[in-house]
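Within every chain, numbering begins at 1; the chains are lettered A, B, ... in the order of the sequence lines, protein sequences first and strands thereafter.
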Number of protein chains: 2
Amino acid sequence: MHANVKQNVIPITAPGLKVACSQCNLRELCLPFGLSEDDMSRLDDLIGGGRKLKRGQHLYRAGEAFESIFAVKAGFFKTDVLTEDGRDQVTGFQMAGEILGMDGISTEVHTCNAVALEDSEVCLIPFTELEMLSSQIRSLQHHLHKVMSREIVRDHGVMMLLGTMRAEERLAAFLLNLSQRFTARGYSPAEFHLRMTREEIGSYLGLKLETVSRAFSRFQDEGLISVQQKHIRILDIPRMKALLAPPDGRIG
Amino acid sequence: MHANVKQNVIPITAPGLKVACSQCNLRELCLPFGLSEDDMSRLDDLIGGGRKLKRGQHLYRAGEAFESIFAVKAGFFKTDVLTEDGRDQVTGFQMAGEILGMDGISTEVHTCNAVALEDSEVCLIPFTELEMLSSQIRSLQHHLHKVMSREIVRDHGVMMLLGTMRAEERLAAFLLNLSQRFTARGYSPAEFHLRMTREEIGSYLGLKLETVSRAFSRFQDEGLISVQQKHIRILDIPRMKALLAPPDGRIG
DNA sequence: AACTCGGGTTGACACAGATCAAAGGGGTAC
DNA sequence: GTACCCCTTTGATCTGTGTCAACCCGAGTT
């Protein structure tokens with residue numbers, strides 16, 4: 001019997017596939033940003049080999065001991081928290097060059113789950129060693145702080161979205177955010193493939209999957225986007241952006 | 001003419017009132033947690049004098065250059081973000097021992113506003129110097145990371161609240177959170193004074209002020225709490241906690 | 001003591017999004 | 001190739017919260 005993709009929890013490590021930060025085309029987005037060649041090779045030394053995950057596999061789970069943060073080398077992840085009463089909230093989607101696992105630093109235990117939404121690969125960054133090195137390399141230390149701060153700012157943006165926006169605004173903000181992040185990685189700003197289900201989008205946006213689906217349909221009817229299952233094409237980015245600034249405008 | 005409390009934006013600095021971390025009764029909650037006497041005095045050296053704020057005064061505003069983080073020494077703050085189209089989202093309430101301003105690290109510019117909700121005092125912690133010192137003191141470095149990580153985890157909790165809870169659950173979670181934080185500071189878990197308006201609570205919880213008010217009234221009718229304006233007494237903490245785990249229970 | 005004003009409460013009604021239900025479509029496993 | 005299952009779409013109805021409006025209360029002012 002073959003291991004089912006969704007149930008296979010055995011980590012697939014591939015130490016042979018390690019690629020140095022200095023060789024990585026994500027170095028401008030990722031943790032080594034701004035480091036000298038020399039410092040980058042010191043960072044290389046502490047980064048564990050890449051770890052590959054199949055779609056559906058957990059990178060880590062809430063409750064597991066925290067030891068490392070992870071840089072997404074390739075693929076796509078979601079993070080979610082769930083309460084004892086069964087509530088489930090997707091807290092973010094992470095793509096190449098983004099850092100996962102910083103929630104675990106505060107208590108030494110992961111507080112959310114990280115799941116690969118497609119076959120993916122991460123770099124493993126042992127946190128104690130990273131702290132050690134960052135105390136020696138100022139720019140690394142500062143960049144780490146920036147990465148953590150950026151996560152805080154991002155979360156505030158999601159709070160704004162969840163606290164003040166209506167369904168279509170939320171979805172527009174979500175699509176524009178994805179678009180912008182794909183652009184930063186050299187992909188098309190207008191055309192991309194969603195790796196997550198409507199339900200996962202809904203959980204992230206505080207909506208039910210039917211509402212997400214209806215909003216997609218409405219956008220399509222209005223000629224804003226074209227949707228074919230998970231394939232999205234944004235046809236009118238300016239009008240999409242205008243959705244975020246409601247008609248009543250800037251009222252003091 | 002006397003300066004109006006709400007309009008006075010001139011920082012009131014009181015260098016003479018500086019209290020060393022080692023003398024501060026918040027040291028177990030605040031940044032110096034876990035430091036040796038010796039290291040604590042080095043931290044003392046970089047912390048600027050306290051800054052006092054009147055109710056309504058801004059500690060910092062979105063758009064201002066970031067230079068320091070702040071530790072609340074006394075009083076009560078809110079942070080909020082607002083978009084160009086006038087939306088306003090309260091992202092948190094901070095009390096003694098909590099750290100403010102970490103949102104500014106990532107871009108060197110503050111991304112939210114911090115406002116004193118009562119007469120307050122903060123310690124000013126210049127961030128560049130803090131990074132310098134934390135590269136020398138391992139436990140300080142690690143604790144700083146923990147504080148930032150805790151902020152991320154807290155934000156995930158708010159996302160859960162905004163994304164999955166109904167109005168009364170949100171308010172219950174909010175009150176229990178306040179209760180727990182007051183307890184940690186040696187105050188009553190059951191009886192406290194709200195420093196924020198219904199509208200600010202509503203903004204934080206993603207609700208309108210009328211909904212907050214109705215939820216308070218309902219709780220009072222049910223004998224869960226007693227409310228007298230901003231004075232709150234939680235009469236039945238266990239039942240309050242039970243509100244967070246809906247009746248349908250743990251459904252897989 | 002009367003006035004004022006911001007914050008809070010309460011009621012009536014509207015509506016966005018949830019819920020319930022059913023059917024269609026595409027990918028994956030065999 | 002075919003079948004199954006999950007994901008998605010769409011419709012009908014329900015409901016929690018928002019909206020609008022009136023009134024109340026308490027603190028500070030005159």
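- Electrostatic pairing of A:E98 and A:R181 counts as a salt bridge here, judged by a charged N lying under 4.0 Å from a carboxylate O.
- Between A:L176 and A:L243 the shortest side-chain heavy-atom distance does not fall below 4.5 Å.
- Going from atom CZ of A:R55 over to atom C1' of D:dC7 covers 12 Å, rounded to whole Å.
- The nearest whole Å value for the distance from the CZ atom in A:R218 to the C1' atom in C:dG17 is 11 Å.
- Electrostatic pairing of A:D119 and A:R55 does not count as a salt bridge here, judged by no charged N lying under 4.0 Å from a carboxylate O.
- Not a single donor-acceptor contact under 3.5 angstrom links the side-chain atoms of B:R214 to the base of D:dG18.
- Below the 3.5 angstrom threshold, one finds no donor paired with an acceptor across the side chain of A:E200 and the base of D:dC7.
- Between the CG atom of A:L194 and the P atom of C:dG27 there is a distance of 14 Å, rounded to whole Å.
- Backbone-only engagement by A:S217 is indicated by non-hydrogen atom pairs under 4.0 Å involving sugar-phosphate atoms exclusively.
- A close approach under 4.0 Å does occur between a side-chain nitrogen or oxygen of A:R198 and OP1 or OP2 of D:dT8.
- The CG-C1' distance, from A:D119 to C:dT28, rounds to 14 Å in whole Å.
- To the nearest 0.5 angstrom, B:I152 atom CD1 is 9.0 Å from A:R154 atom CZ.
- Of the candidates D:dT8, C:dA18, D:dT17, D:dT8 carries the atom nearest the A:S213 side chain, counting heavy atoms from C-beta on.
- Here D:dG18 is the nucleotide among C:dA16, D:dT9, D:dG18 with the atom lying nearest to any side-chain atom of B:K208.
- B:L209 comes within contact range of at least one nucleobase, with a heavy-atom separation under 4.0 Å.
- Contact annotation: A:T197 does not reach the phosphate of D:dC7 (side-chain N/O to OP1 or OP2, under 4.0 Å).
- Minimum atom distance to the side chain of B:K230 is reached by C:dG7, of the listed C:dG7, D:dT8, D:dT17.
- With a 4.5 Å cut-off on side-chain heavy atoms, B:Y60 and B:T79 count as touching.
- The distance between atom CD of A:Q228 and atom C1' of D:dC7, rounded to the nearest whole Å, is 15 Å.
- We find that CE of B:M196 is positioned 15 Å from C1' of C:dG8, with the value rounded to whole Å.
- In this structure, of C:dT10, C:dG17, D:dG18, it is C:dT10 that holds the atom nearest to the side chain of B:E210.
- B:G206 comes within 4.0 angstrom of sugar-phosphate atoms only, judged by non-hydrogen atoms across all strands, and of no base.
- In this structure, B:Q229 reaches the sugar-phosphate backbone alone: every heavy-atom distance under 4.0 Å involves primed, P, OP1 or OP2 atoms, never a base.
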